[in-house]
Amino acid sequence: MTRDLIIIGGGPAGLAAAIEARKLGVKDVLLLERAAELGGILPQCIHMGFGLKEFNEELSGPEYAWRFIEEVKKSGVEIRTGTMVSKVSPDKKVTFSSKDGYETVQARSVILAMGCRERTAGMIGLMGERPAGIYHAGAAQGLMNLEGKRLGTRAVIYGSGDIGLIMARRLVWEGVQVEAVIEVLPRSSGLRRNIHQCLHDYDIPLYLRSRITKVIGREHIEGVEVYHEESGETRVIACDLLLLSVGLIPENDLVKYFLPMDERTGGPLVNEYREARTEGFFVCGNTLHVHDIVDYVSEEGRWAARGAASHLQGAKRQAGASVTVEGNIHSCIPQEVCGSEPFSLFFRVKEPLEKGTVRLYNGTKVVVEKRLSFAIPSEMERIDVPGLEERDHLRLEIV
């Protein structure tokens with residue numbers, strides 16, 4: 001059996017891709033989601049702040065997801081939840097299992113929208129025992145918001161990513177004493193608005209250039225030993241709950257053995273249509289690169305759907321001009337430009353920046369530039385580029 005388009009992942013990227021594909025006339029769309037419900041992580045994100053760009057209003061995560069879920073259910077897309085994809089082959093065969101057993105289906109195009117996962121304690125070399133009371137921030141969010149669990153009374157959060165910052169506030173709302181947020185970097189890795197709304201507004205201390213050197217406790221966590229780099233001092237903070245918010249990794253285990261990857265973003269190399277180097281595979285959302293705003297995830301899902309629809313109509317992947325970054329730019333998406341239509345570049349800086357200008361060169365010619373009054377690594381920047389009839393080597397830099 002051959003399907004025109006298989007979308008793996010029913011979060012915000014996959015939902016937007018499915019809806020857009022149907023609007024573009026792709027009649028045969030199969031959406032696979034491993035969870036029992038659609039929406040990805042959004043149903044557990046009960047805080048506000050979603051949809052400002054997508055809907056011009058502020059929504060909670062469940063509200064944002066609901067709008068897409070309702071539309072995709074009406075669109076004619078075949079939806080299979082509770083379905084785990086176990087293998088994807090370079091020739092676009094997709095193997096998955098559900099309550100109905102195992103199936104392998106041939107696809108003409110595949111959109112990868114599997115999201116991302118949290119870095120583990122082992123990945124950061126967290127020392128000490130492994131007592132009860134240590135959770136990933138996202139897992140704790142699900143337990144509290146979806147299942148109503150109470151996890152502790154005194155908490156420490158390791159890492160200042162957005163989920164960790166949001167959970168600091170959420171714990172306070174539940175009556176938990178949040179002792180501190182510990183961050184190894186000299187700056188927070190979360191959005192500025194979350195630093196202010198989740199920490200400053202609740203007088204939660206943020207210790208920068210600090211690391212947890214030991215977890216204390218055997219059966220259940222009793223505290224953490226924290227080393228402060230600037231002072232050289234080590235102290236113990238008593239707690240019965242430790243949340244890890246130490247970074248997110250694009251979920252690419254299914255395809256990383258045959259899709260060329262970008263070590264900077266952690267996702268596949270793509271062109272402006274979000275097509276990977278293996279023809280017929282399109283990538284979007286946090287599978288491609290970790291986003292800080294869900295509205296951009298949905299927008300990227302639509303771009304991937306447009307690329308997939310074009311591929312199904314017979315368009316072949318064209319070699320394009322590579323996009324390289326220099327100076328204070330860490331990474332950008334896409335890494336290649338193949339067509340002549342307008343496109344957008346998304347990038348992150350390496351170090352905080354005040355008053356700079358980002359320029360995109362086409363060979364030696366500046367084709368677009370944008371003033372940046374302020375930029376930090378945790379917030380993704382965007383530059384819109386007009387169509388390029390002729391493309392030389394494209395180079396992005398900040399001066």
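Each residue takes its place number in the sequence, starting with 1. For clarity, every value in this text was computed on a predicted model and none was experimentally measured.
If you chain together hydrophobic residues whose side chains sit under 4.5 Å apart, F96 and F258 fall into the same group. No continuous path of ILVMFWY side-chain contacts below 4.5 Å connects V399 to V385, so the two sit in separate hydrophobic clusters. Placement of Y158 and L243 in two distinct hydrophobic clusters is found when ILVMFWY residues are connected by side-chain heavy-atom separations under 4.5 Å, directly or transitively. I7 and V270 are assigned to two separate hydrophobic clusters, defined by single-linkage of ILVMFWY side chains at heavy-atom distances under 4.5 Å. Under the 4.5 Å side-chain heavy-atom criterion for grouping Ile, Leu, Val, Met, Phe, Trp and Tyr, L259 is not connected to Y273 through any hydrophobic cluster.
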- Message: With side chain to side chain contact (heavy atoms under 4.5 Å, CB included) as the criterion, how do M144 and L151 come out once you've worked through the C-alpha distance, each side chain's angles and the decisive distance to 0.1 Å?
- Response: CA-CA 8 Å; M144 292 179 65; L151 305 179; 4.0 Å; yes

- Item | Step-by-step side chain to side chain contact (heavy atoms under 4.5 Å, CB included) determination, R187 to E351 | CA-CA 10 Å; R187 58 184 177 273; E351 300 292 337; 3.3 Å; yes

- Message: Determine whether E183 and L206 satisfy the following criterion, side chain to side chain contact (heavy atoms under 4.5 Å, CB included), listing intermediate values before the conclusion.
- Response: CA-CA 7 Å; E183 174 58 62; L206 170 62; 4.2 Å; yes

- Task: Go through the steps to decide whether I221 and V156 satisfy the test side chain to side chain contact (heavy atoms under 4.5 Å, CB included), and finish with yes or no.
- Result: CA-CA 11 Å; I221 187 170; V156 169; over 6 Å; no

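Under 4.0 Å is where a charged nitrogen must lie from a carboxylate oxygen, and between E71 and K23 at least one such pair does. Salt bridge R395/E397: present, at least one basic N to carboxylate O contact under 4.0 Å. Ion pairing between D262 and R264 fails under the 4.0 Å rule for side-chain N and carboxylate O. Salt bridge status for E341 with R306: absent, with no side-chain N to carboxylate O gap under 4.0 Å. A salt bridge links E78 with R3: at least one charged nitrogen is closer than 4.0 Å to a carboxylate oxygen. In summary, E229 and R211 do not engage in a salt bridge, as defined by a charged side-chain N under 4.0 Å from a carboxylate O. A salt bridge links R317 to E336: at least one charged side-chain nitrogen sits closer than 4.0 Å to a carboxylate oxygen. Ionic pairing of R108 and D4 is present here: one or more N-O contacts between side-chain nitrogen and carboxylate oxygen are shorter than 4.0 angstrom.
Environment of CD in E147: crowded, with over 12 heavy atoms of neighbouring residues, nucleotides or ligands closer than 6.0 Å. Remark: M127 CE is loosely packed, at most 12 non-hydrogen atoms of other residues, nucleotides or ligands lying under 6.0 Å away. E219 CD: 12 or fewer foreign heavy atoms inside a 6.0 Å radius. When the shell of 6.0 Å around CD of E390 is examined, it contains 12 or fewer heavy atoms from other residues, nucleotides or ligands.
Inter-residue side-chain proximity for L15 and L31 is flagged as met; some heavy-atom pair is nearer than 4.5 Å. A heavy-atom distance below 4.5 Å is not found between the side chains of T265 and L288. Annotation: side chain of V297 is not in contact with side chain of C284 (no heavy-atom distance under 4.5 Å). Side-chain contact between L353 and I398: present, with at least one pair of heavy atoms (C-beta onward) separated by less than 4.5 Å. Side-chain contact between R170 and Q141 is absent, with no heavy-atom pair separated by less than 4.5 Å. No side-chain heavy atom of C338 sits less than 4.5 Å from a side-chain heavy atom of E275. Between L191 and E379, the closest side-chain pair of non-hydrogen atoms falls below 4.5 Å. Counting heavy atoms from C-beta on, the side chains of S344 and W303 come closer than 4.5 Å.
Interatomic distance, CZ of R302 versus CD of E54, reported as 4.0 Å (0.5 Å rounding). Taken from CD1 in I69 to CG in L38, the straight-line distance is 5.0 Å, to the nearest 0.5 Å. Rounding to the nearest 0.5 Å places OG of S160 at 10.5 Å from CG of N194. Between the CG atom of L165 and the OG atom of S245 there is a distance of 6.5 Å, given to the nearest 0.5 Å. Expressed to the nearest 0.5 Å, how far CG of L254 lies from OG of S86 amounts to 8.0 Å. Taking OH of Y102 as the start and CE of M84 as the end, the distance is 10.0 Å to the nearest 0.5 Å.
With hydrogens and angles ignored, the 3.5 Å screen pairs no side-chain donor or acceptor of Q335 with any backbone N or O of V323. Checked by atom type and distance alone, the side chain of N328 pairs as donor or acceptor with a backbone atom of K350 at under 3.5 Å. The closest donor-acceptor contact from the side chain of E225 to the backbone of T234 lies at 3.5 Å or more, if one exists at all. Proximity of a side-chain donor or acceptor of E272 to a complementary backbone N or O of G339 within less than 3.5 Å is detected. When atom types are taken as modelled, the side chain of R22 and the backbone of K27 share a donor-acceptor pair closer than 3.5 angstrom. A donor-acceptor pair under 3.5 Å links the side-chain atoms of R150 to the main chain of E174, judged by distance alone. Judged purely by atom type and a 3.5 angstrom limit, E179 has no side-chain atom pairing as donor or acceptor with the backbone of C239. In terms of modelled atom types and a separation under 3.5 Å, the side chain of D295 and the main chain of K53 share a donor-acceptor contact. Side-chain atoms of D240 come within 3.5 Å of backbone atoms of R154 as a donor-acceptor pair (strictly under, hydrogens ignored). In this structure, the side chain of S60 does not engage the main chain of I46 through any donor-acceptor pair within 3.5 Å.
One side chain, H289 or E300, offers a donor N or O that lies under 3.5 Å from an acceptor on the other. A donor and an acceptor atom, one from each side chain of S378 and S189, are nowhere located under 3.5 Å apart.
Scanning all heavy atoms of the two residues, the minimum distance from Y135 to A140 falls at CB-CB, 4.1 Å. The shortest heavy-atom contact between Y257 and V88 is OH-O, 2.8 Å. In terms of heavy atoms, P386 sits closest to V368 at CD-CB, 4.5 Å. Nearest heavy-atom pair, G39 versus A65, reported as atom, atom and distance to 0.1 Å: CA-CB, 4.3 Å. The two residues S298 and F68 make their nearest non-hydrogen contact at OG-CZ, 3.7 Å. Residues L396 and C332 approach most closely at CD2-CB, 4.2 Å, considering heavy atoms.
Below 30°, between 30° and 60°, or above 60°: for Y207 and H228 the angle between ring planes is above 60°, a perpendicular geometry. Ring geometry, W173 versus Y202: the interplanar angle exceeds 60°, so the pair is classed perpendicular (tilted spans 30 to 60°). A perpendicular orientation is assigned to the rings of H200 and H196, their planes being inclined by more than 60° (bins at 30° and 60°).
For the pair R67 and F55, the distance from NZ or CZ to the six-membered ring centre is under 6.0 Å and the angle to the ring normal is within 45 degrees.
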